[in-house]
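Order of listing sets the numbers, starting from 1, for every ligand and every atom in it. Predicted, not measured: the structure shown is a model, and the values here were computed from it. Counting begins at 1 with the first residue of the sequence.
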Amino acid sequence: MNGNYIPVIAIDGPSASGKGTVAQRVAAKLGFHYLDSGALYRLVALVAMRSGGDLGGDEKRLSEVARELDVVFKGTEIRLGNEDVADAIRSEACGNAASKIAAYPAVRAALLARQRAFRQLPGLVTDGRDMGSVVFPEAALKIFLTATAEARAERRYKQLMAKGIDANIATLLQDIQERDARDSNRSVAPLQLGADTNLLDTTSLNIAQAVDSVLQQYAETRAKARA
Ligand SMILES: Nc1ncnc2c1ncn2[C@@H]1O[C@H](COP(=O)(O)OP(=O)(O)OP(=O)(O)O)[C@@H](O)[C@H]1O
Ligand SMILES: Nc1ccn([C@H]2C[C@H](O)[C@@H](COP(=O)(O)O)O2)c(=O)n1
């Protein structure tokens with residue numbers, strides 16, 4: 001390994017599996033940078049939603065929006081132009097719209113270089129759907145982080161309630177199942193468990209246990225690389 005080598009830990013998984021929470025904590029423990037790739041798709045969706053739905057099915061214009069996004073990630077803030085949209089992009093409506101927009105190959109291509117630019121020393125932890133398969137195929141460690149759809153709906157329900165947002169668990173479960181199907185069955189960069197990826201089922205793990213598991217796997221990967 002040379003001094004310029006920049007390790008990447010890629011954590012992919014379905015909606016509400018906890019990948020963002022786990023990826024951020026792993027990044028903080030290792031002192032690595034963090035990329036929430038889903039936020040980029042959500043930002044494109046937010047711009048499309050604010051356009052009054054005009055952009056909804058226009059792949060070319062959506063890809064232009066993706067390429068031209070004026071976004072800065074700063075701590076917990078996500079600044080789109082002069083506005084902090086960190087909360088606005090977290091809505092279920094925005095997540096569902098992002099999932100639809102993410103099926104367009106031109107939108108995915110437009111976001112590729114922007115995602116790869118996050119790979120900086122001393123390392124990167126990133127989460128999404130295609131981090132290990134497409135964006136960082138050479139990642140040092142690839143994790144597929146999941147949980148049952150029921151556990152994920154319950155986690156999402158608690159998360160929304162904690163923010164004071166009313167929710168219905170049956171509706172959340174249905175949304176999650178529909179999003180899983182869309183994100184896993186699209187023709188470009190679908191969410192899939194690759195042969196070189198480690199499965200981490202967190203259905204009966206708490207957050208700390210999931211974080212420890214990723215850190216342990218990364219330590220093992222590094223030890224193997226040194227041997
Ligand atoms: N192992 C776990 N046990 C219990 N709750 C968890 C666990 N991991 C994450 N959570 C909680 O589940 C909720 C969803 O987690 P998070 O937002 O990280 O998921 P995500 O996969 O990044 O979602 P999305 O794909 O929609 O961005 C959060 O409230 C988080 O605290
Ligand atoms: N690498 C990625 C990240 C996200 N998406 C799409 C599919 C998701 O349903 C949507 C929102 O992502 P989330 O914030 O829930 O992680 O964006 C993708 O296709 N590829």
Report yes if [X] has an N/O atom closer than 3.5 Å to an N/O atom of ligand 1; otherwise report no.
X	result
Thr21	yes
Asp127	no
Val22	no

Between [options], flag the one that comes closest to [atom] by a heavy atom.
atom	options	value
atom 19 (O) of ligand 2	Arg179, Arg182, Arg108	Arg108
atom 19 (O) of ligand 1	Ser213, Gly18, Gly20	Gly18
atom 4 (C) of ligand 2	Ala39, Gly13, Gly38	Gly38
atom 27 (O) of ligand 1	Gln24, Gln159, Arg90, Lys19	Arg90

Contacting atoms of ligand 2, where contact means under 4.0 angstrom from a heavy atom of [X]:
X	value
Gly128	1 (N), 3 (C)
Lys19	16 (O)
Arg90	14 (O)
Asp183	7 (C), 8 (C), 9 (O)

Tell me the contacting part of [X] for ligand 2: side chain, backbone, both, or neither, using a 4.0 Å heavy-atom threshold, strictly below.
X	value
Met131	side chain
Ser99	both
Arg186	side chain
Asp130	both
Lys100	neither

Ignoring hydrogens and geometry beyond distance, is a side-chain donor-acceptor pair present between [X] and [Y] at under 3.5 Å?
X	Y	result
Arg179	Ser15	yes
Arg155	Thr21	no
Asp201	Thr146	no
Gln217	Ser213	yes

- Query: Does atom NZ of Lys74 have more than 12 heavy-atom neighbours, drawn from other residues, nucleotides or ligands, at distances under 6.0 Å?
  - Reply: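 Incorrect, the count does not exceed 12.
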- Query: Is Ser15 close to ligand 2, meaning an N/O of one under 3.5 Å from an N/O of the other?
  - Reply: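 N/O-N/O distance under 3.5 Å: no.
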- Task: Decide whether an N or O pair under 3.5 Å exists between Arg42 and ligand 2.
- Result: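 By distance alone, the answer is yes.
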Applying a 4.0 Å heavy-atom criterion (strictly less than), which segment of [X] is in contact with ligand 1: side chain, backbone, both, or neither?
X	value
Arg152	neither
Ile207	both
Arg25	neither
Ala162	neither

With a 4.0 Å cut-off on heavy atoms, is [X] touching ligand 1?
X	value
Met161	no
Glu154	no
Gly95	no
Ser15	yes
Ala16	yes

- Task: May I ask you to list the residues sharing a hydrophobic cluster with Leu205, side-chain cutoff 4.5 Å, ordered by chain and number?
- Result: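 Its cluster mates, by chain and number, are Ile9, Ile11, Val22, Val26, Leu30, Phe32, Val125, Leu141, Ile143, Leu145, Leu200, Ile207, Val211, Val214, Leu215, Tyr218.
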- Query: Which atoms from ligand 1 have a heavy atom of Pro14 less than 4.0 Å away?
  - Reply: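 Every atom of ligand 1 under 4.0 Å from some heavy atom of Pro14: 21 (O).
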- Are Tyr34 and Phe73 close enough that their ring centres sit under 6.0 Å apart?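 Judged by ring-centre distance (under 6.0 Å), Tyr34 and Phe73 do not meet the cut-off.
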- Task: Write out all pairs satisfying salt bridge (Lys or Arg N to Asp or Glu O under 4.0 Å) with one or both partners inside residues 97-115, taking only residues at least two apart or from two chains.
- Result: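 Pairs touching residues 97-115 that pass the test: Arg108-Asp130.
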- Query: Is there side-chain contact between Tyr157 and Leu173, with at least one heavy-atom pair below 4.5 Å?
  - Reply: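 The answer is no; the side chains never approach within 4.5 Å.
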